[in-house]
Amino acid sequence: MKKILILMIAAFFFAACTKENLNEQPLKESTDVFKEIKLVTLTDVNKSNSITMLEFKSIDHYEKTIAALEALVEEHEDSFLSTWSMLNEDELNAKEEEVGFVVYQPLIDFENAYNIHSSMRQAFELAEAKWLNNEELDTETDPSNVYCFDMAEMTLLNADGEVKIGDFLLKLTNKGFVKIEKDDVATLIRINDGDLSAYLEPTVTTNIKYDSDEISSSDCKLWKGKDYWDPYQSNKKVKLHVHFHSYPWKGVSEAKITSYKKSGNKWKEYRMNLGVANQSDFRDYNCSKSLLMWSGWKHKNSKSIEKSNTSLAEYFPKYFAENGESVYGLFEYAGKSTIRVLVW
């Protein structure tokens, strides 16, 4: 614990155009990673039910696609910031609305290119727009509590969090994952219909608690997240988020900061200078040992930024998070610096 705090404290103090041009651009295929993606419809012949989702040839293909989409979003936003670098904070936010800049336009372009009409990203943005359109923000109904993944990954998932990777189906939820081998869509449909016995099928691996048996202990968990809110001004606030997700093939720790400002009788995400870093200390099945990782800092004039640490796992379950010990977020905003830890 002392080693973690020393590293974090040291890092904390030493860190410290037109609408047509900005949006609606053709999808840039600067990498071959997009070329082998397919939109597939899988059918349970016994029930005549079907599910549509994207298909990736491998885990590596899936991960590289996420990275490629994230890079396109960064490039798109950097271009906007470079064009209007002379503006102050309020002027930059006003200019963004004036020219109709959409920060996630590359993700929209990707969805359009693959004829995706129902992604998790789309579901999240619709829910978020309704949530922000209120006099006060109810943190209990924040859509991010349900749609708890980064925007690029949510672009690759259907509205129910499903994707095909190689010969298995993956379903991601705010409670964890379900991995179903051999393209067993019948079992996935049963799970979606609330049939708990489907989790017992031999094709299923999951970290979701679906009965009385706990996969993890009370002190070490496979899938947890927490938000901290700071209303640092009467009309401005930030959400400081930390989480740990143990996928079938990796463990991921993340820290994320999102800025909001009240405008009239509703809220909107607000662009400002933000900083974030992530310190992680992964645990094993016995809630012991240690894999210490440091993400480095990210600083950007943005509405939301994140930093994460990832370690590949050759088996599941390999990585766990310990209560109050494994995931630290370091945040900078509005002249403030703070640290938040994942606890439950």
Side-chain angles (χ1 to χ4, degrees), residues 33-66 68-69 107 110-127 143 146-211 213 215 222-223 245-250 252 312-318:
V33 72
F34 295 136
K35 294 180 179 179
E36 297 186 67
I37 300 169
K38 300 176 183 177
L39 185 66
V40 298
T41 298
L42 306 176
T43 303
D44 175 6
V45 294
N46 295 322
K47 292 187 176 181
S48 299
N49 291 339
S50 62
I51 301 176
T52 300
M53 64 186 74
L54 288 178
E55 178 182 9
F56 298 85
K57 63 180 182 179
S58 64
I59 291 170
D60 183 63
H61 186 207
Y62 178 72
E63 293 284 1
K64 284 181 177 177
T65 302
I66 293 174
L69 288 174
L107 305 184
F110 176 89
E111 291 167 346
N112 290 338
Y114 286 91
N115 201 28
I116 300 169
H117 300 296
S118 182
S119 70
M120 182 179 276
R121 187 202 66 80
Q122 294 166 2
F124 167 71
E125 287 204 336
L126 285 172
V146 176
Y147 305 106
C148 55
F149 307 98
D150 293 338
M151 295 294 277
E153 182 160 35
M154 290 197 292
T155 302
L156 305 185
L157 306 173
N158 68 15
D160 293 318
E162 296 154 351
V163 65
K164 184 178 185 302
I165 304 175
D167 64 353
F168 69 85
L169 309 177
L170 182 70
K171 182 180 182 71
L172 298 179
T173 78
N174 61 337
K175 300 183 187 315
F177 74 81
V178 182
K179 178 187 178 185
I180 304 176
E181 301 285 356
K182 300 179 181 178
D183 295 345
D184 184 3
V185 68
T187 296
L188 176 58
I189 290 172
R190 286 170 57 199
I191 288 172
N192 289 344
D193 289 341
D195 181 355
L196 296 182
S197 68
Y199 287 97
L200 301 174
E201 294 293 338
T203 55
V204 173
T205 302
T206 185
N207 61 4
I208 296 175
K209 179 185 176 183
Y210 57 89
D211 56 20
D213 294 329
I215 300 175
L222 291 161
W223 201 274
H245 291 165
S246 184
Y247 287 69
W249 65 88
K250 65 179 180 179
V252 181
L312 296 179
E314 59 274 18
Y315 60 88
F316 176 84
K318 181 175 183 179

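What you are looking at is a predicted structure, and each value in this text was computed from that prediction instead of being measured.
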Would a distance-only check, ignoring hydrogens and angles, find a side-chain to backbone donor-acceptor pair under 3.5 Å from Y62 to L156? no

Let me confirm one number: the NE2-NZ distance from H61 to K35, rounded to the nearest 0.5 Å. 11.0 Å

Side chains of I51 and D160: does their closest heavy-atom pair fall under 4.5 Å? no

Drop me the distance from L172's CG to E162's CD, to the nearest 0.5 angstrom. 9.5 Å

Is any side-chain heavy atom of W249 less than 4.5 Å from a side-chain heavy atom of L170? yes

N/O donor-acceptor pair under 3.5 Å between Q122 side chain and S119 backbone: yes

If we only count heavy atoms from C-beta on, is the V40 to M53 side-chain gap below 4.5 Å? yes

Side-chain donor-acceptor contact under 3.5 Å, T187 with E201: no

Note, L69 side chain near L107 side chain (heavy atom, < 4.5 Å): yes

With a 6.0 Å cut-off on ring centres, are F177 and F316 close enough? yes

Which atom names give the shortest non-hydrogen contact between T155 and R121, and what distance separates them? OG1-CD, 3.3 Å

Compute the ring centroids of F124 and F149, then answer whether they are less than 6.0 Å apart. no

Specify the closest pair of heavy atoms between R190 and S197, including all atoms of both residues, with the distance to one decimal. NH2-OG, 3.1 Å

Is the shortest side-chain heavy-atom distance between V204 and Y210 below 4.5 Å? no

Using every non-hydrogen atom in the two residues, find where I191 and A198 come nearest and quote the distance to one decimal. CG1-CB, 3.6 Å

Please check this pair: side chain of D44 against backbone of I189, looking for a donor-acceptor N/O pair closer than 3.5 Å. no

